[in-house]
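Worksheet: one structure, shown below.
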Number of protein chains: 2
Amino acid sequence: MTKHLFISSKGQLQARWQSAFPDAVVRTELGGGRPDVLWWARVPLNSAELSSAIATLSGVPVVVLSPEPVQEDAMHAIALGARGYCHSHATPAMLQQVAVAVTHGGLWLGPELMSRVMGAASERLLGEHPAEADPGLDLLTPRERAVALEVARGATNKEAARRLDITERTVKAHLGAAFEKLGVRDRLQLVLALKYVPVDIDHAA
Amino acid sequence: MTKHLFISSKGQLQARWQSAFPDAVVRTELGGGRPDVLWWARVPLNSAELSSAIATLSGVPVVVLSPEPVQEDAMHAIALGARGYCHSHATPAMLQQVAVAVTHGGLWLGPELMSRVMGAASERLLGEHPAEADPGLDLLTPRERAVALEVARGATNKEAARRLDITERTVKAHLGAAFEKLGVRDRLQLVLALKYVPVDIDHAA
DNA sequence: AAGCCTATTGGACCGGTGGACAGGGTGGGC
DNA sequence: GCCCACCCTGTCCACCGGTCCAATAGGCTT
């Protein structure tokens with residue numbers, strides 16, 4: 001018989017899970033025997049905890065359950081080695097499906113996520129990035145690029161303004177345009193989007 | 001009963017496959033009814049053919065079989081939407097495993113490929129290389145580190161608070177402590193400090 | 001000439017951010 | 001017991017960051 005172990009912060013979904021797997025064990029902490037499937041339902045998702053759980057139970061498929069599935073969380077989960085990701089309120093039938101898939105060596109993600117992951121993986125491994133080298137820098141005008149690079153080095157708007165000899169207001173304007181073009185919401189995400197940019201030589205030690 | 005359709009250039013493995021699935025149908029071309037699983041064993045792998053087959057049988061999981069599995073082929077296959085990839089001489093037991101996984105919504109790739117694909121997908125989607133131990137990070141307490149990492153991913157204080165299940169105020173506290181310890185003035189420079197080590201912070205002077 | 005893109009700046013608004021006060025709680029070392 | 005490090009929370013406030021409303025001016029294509 002397949003042993004299912006659910007790790008949950010609180011036990012409130014125990015009944016639901018046990019209707020999918022009558023012999024399911026629900027606990028708040030890892031421990032005890034070695035299950036055949038580990039269902040990780042602790043919220044919020046803590047990377048460190050999950051990672052150590054996966055490492056501890058090496059070989060046991062881990063499925064992450066979330067009360068409100070987020071793609072980003074799912075990506076983190078599979079990056080850490082999880083074999084599945086689905087809604088913690090999924091129907092018992094769905095949970096059984098997932099269990100079957102992962103215990104037979106599969107990865108279960110749900111249709112949308114699956115296609116996203118597959119697309120990303122193939123892009124990465126086949127080396128055909130859609131916007132290959134620059135995920136954005138050449139979308140920007142020269143001025144926008146200059147401002148973006150200043151900001152990406154950690155400058156405040158005021159500092160960037162001084163270095164480029166323009167008004168802080170203008171910096172904001174260019175920066176706003178850059179946000180728009182790169183589809184990010186703030187300077188920090190701009191930096192993350194531009195993270196490949198090598199640090200200026202004249203500022204490196 | 002699950003219907004298995006094998007598409008093969010030549011029929012020589014028919015016996016093996018039928019020992020896994022007694023009612024398996026082996027053909028050289030697509031056609032006839034709609035199977036529950038489509039096993040694609042045509043060699044060499046033709047992207048166009050496979051693609052159109054997957055499109056034609058939309059919704060039917062497709063598993064690509066190869067007499068000599070190559071990672072690149074596997075990547076192409078899943079890029080086109082295949083749900084599995086394995087050796088065409090796999091044991092009947094293995095084939096049954098694969099069938100179970102894919103018919104339950106899973107992706108089946110084999111351990112090595114799976115980890116490769118997962119790694120690639122997460123790198124691509126999260127834009128991160130697997131844990132390159134940041135030197136500054138161990139100056140921080142576990143909680144400060146967790147907050148710092150959330151922020152380093154582009155989260156706002158509010159988002160970090162939600163993800164770590166603490167108040168925004170507490171996020172600020174940990175973050176402030178992290179700024180102090182790392183000698184930076186704001187979240188953006190924190191990210192830079194965690195990503196590239198040798199950046200001089202004071203180009204404002 | 002008209003239209004568009006780029007660069008530049010202004011003012012105003014408001015939410016996010018970071019620092020400066022405050023505490024409260026736990027657990028471990030001396 | 002006391003001290004200390006860590007974790008968590010609160011209020012207040014100045015500043016920064018991002019976006020809205022503009023406007024002016026040069027260069028470029030049509």
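This is a predicted model, so every value here is computed, not measured. Chain identifiers are assigned alphabetically (A, B, ...) following the order of the sequence lines, protein sequences preceding nucleic acid strands; residue numbering begins at 1 within each chain.
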* Asked: With a 4.0 Å cut-off on heavy atoms, is A:Ala177 in touch with a base, just the backbone sugar-phosphate, or nothing at all?
  ->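 Touches nothing.
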[X] has an atom [atom1]; how far is it from atom [atom2] of [N], in whole Å?
{"X": "A:Arg185", "N": "D:dC16", "atom1": "CZ", "atom2": "P", "value": "21 Å"}
{"X": "B:Leu140", "N": "D:dC6", "atom1": "CG", "atom2": "P", "value": "10 Å"}
{"X": "B:Glu144", "N": "D:dC8", "atom1": "CD", "atom2": "C1'", "value": "13 Å"}
{"X": "A:Asp186", "N": "D:dG18", "atom1": "CG", "atom2": "C1'", "value": "9 Å"}
{"X": "B:Leu164", "N": "D:dC8", "atom1": "CG", "atom2": "P", "value": "9 Å"}
{"X": "B:Glu168", "N": "D:dT9", "atom1": "CD", "atom2": "C1'", "value": "12 Å"}
{"X": "A:Leu175", "N": "C:dT8", "atom1": "CG", "atom2": "C1'", "value": "15 Å"}
{"X": "A:Gln189", "N": "D:dG17", "atom1": "CD", "atom2": "P", "value": "16 Å"}

* Select from B:Leu188 and A:His174 the residue whose nearest nucleotide in DNA chain C is closer to the 5' end of that strand. =>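 Nearer the 5' end of the strand: A:His174.
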* Asked: So, does the side chain of A:Arg169 form a donor-acceptor pair with the base of C:dG10 at under 3.5 Å?
  ->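 Indeed, a donor on one side and an acceptor on the other fall under 3.5 Å apart.
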* Between D:dC7 and C:dC21, how far is it from one P atom to the other, in whole Å? -> 23 Å
Are more than 12 heavy atoms, taken from residues, nucleotides or ligands other than [X], located less than 6.0 Å from that residue's [atom1] atom?
{"X": "A:Gln96", "atom1": "CD", "result": "yes"}
{"X": "A:Lys181", "atom1": "NZ", "result": "yes"}
{"X": "A:Asp165", "atom1": "CG", "result": "no"}

Of the options [options], whose atoms approach the side-chain atoms of [X] most closely?
{"X": "B:Ile166", "options": "D:dT19, D:dT9, C:dG18", "answer": "D:dT9"}
{"X": "B:Asn157", "options": "D:dC8, C:dA7, C:dG18", "answer": "C:dG18"}
{"X": "B:Thr170", "options": "C:dT9, D:dC8, C:dT6", "answer": "D:dC8"}
{"X": "A:Thr141", "options": "D:dT9, C:dA7, D:dC7", "answer": "C:dA7"}
{"X": "A:Arg187", "options": "D:dG18, C:dT9, C:dT6", "answer": "D:dG18"}

* Asked: Within the pair A:Thr167 and C:dT8, is there a side-chain N or O less than 4.0 Å away from OP1 or OP2?
  ->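 A:Thr167 to C:dT8 OP1/OP2: no side-chain N or O under 4.0 Å.
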* Asked: Hey, mind stepping through B:Glu150 and B:Arg187 against salt bridge (charged side-chain N to carboxylate O under 4.0 Å, His left out) and telling me if it holds?
  -> CA-CA 11 Å; B:Glu150 284 301 324; B:Arg187 62 212 295 107; over 6 Å; no
* Structure fact -> Taking for B:Arg143 and for B:Lys172 the nucleotide of DNA chain D with the nearest heavy atom, the one nearer the 5' end belongs to B:Arg143
* Assign each of B:Lys181 and B:Asp165 to its nearest nucleotide of DNA chain D by heavy atoms, then name whichever residue's nucleotide is nearer the 5' end. => B:Lys181
* Output the distance between atom CZ (B:Arg83) and atom CG (B:Leu109), rounded to the nearest 0.5 Å. =>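 One gets 10.5 Å once the value is rounded to the nearest 0.5 Å.
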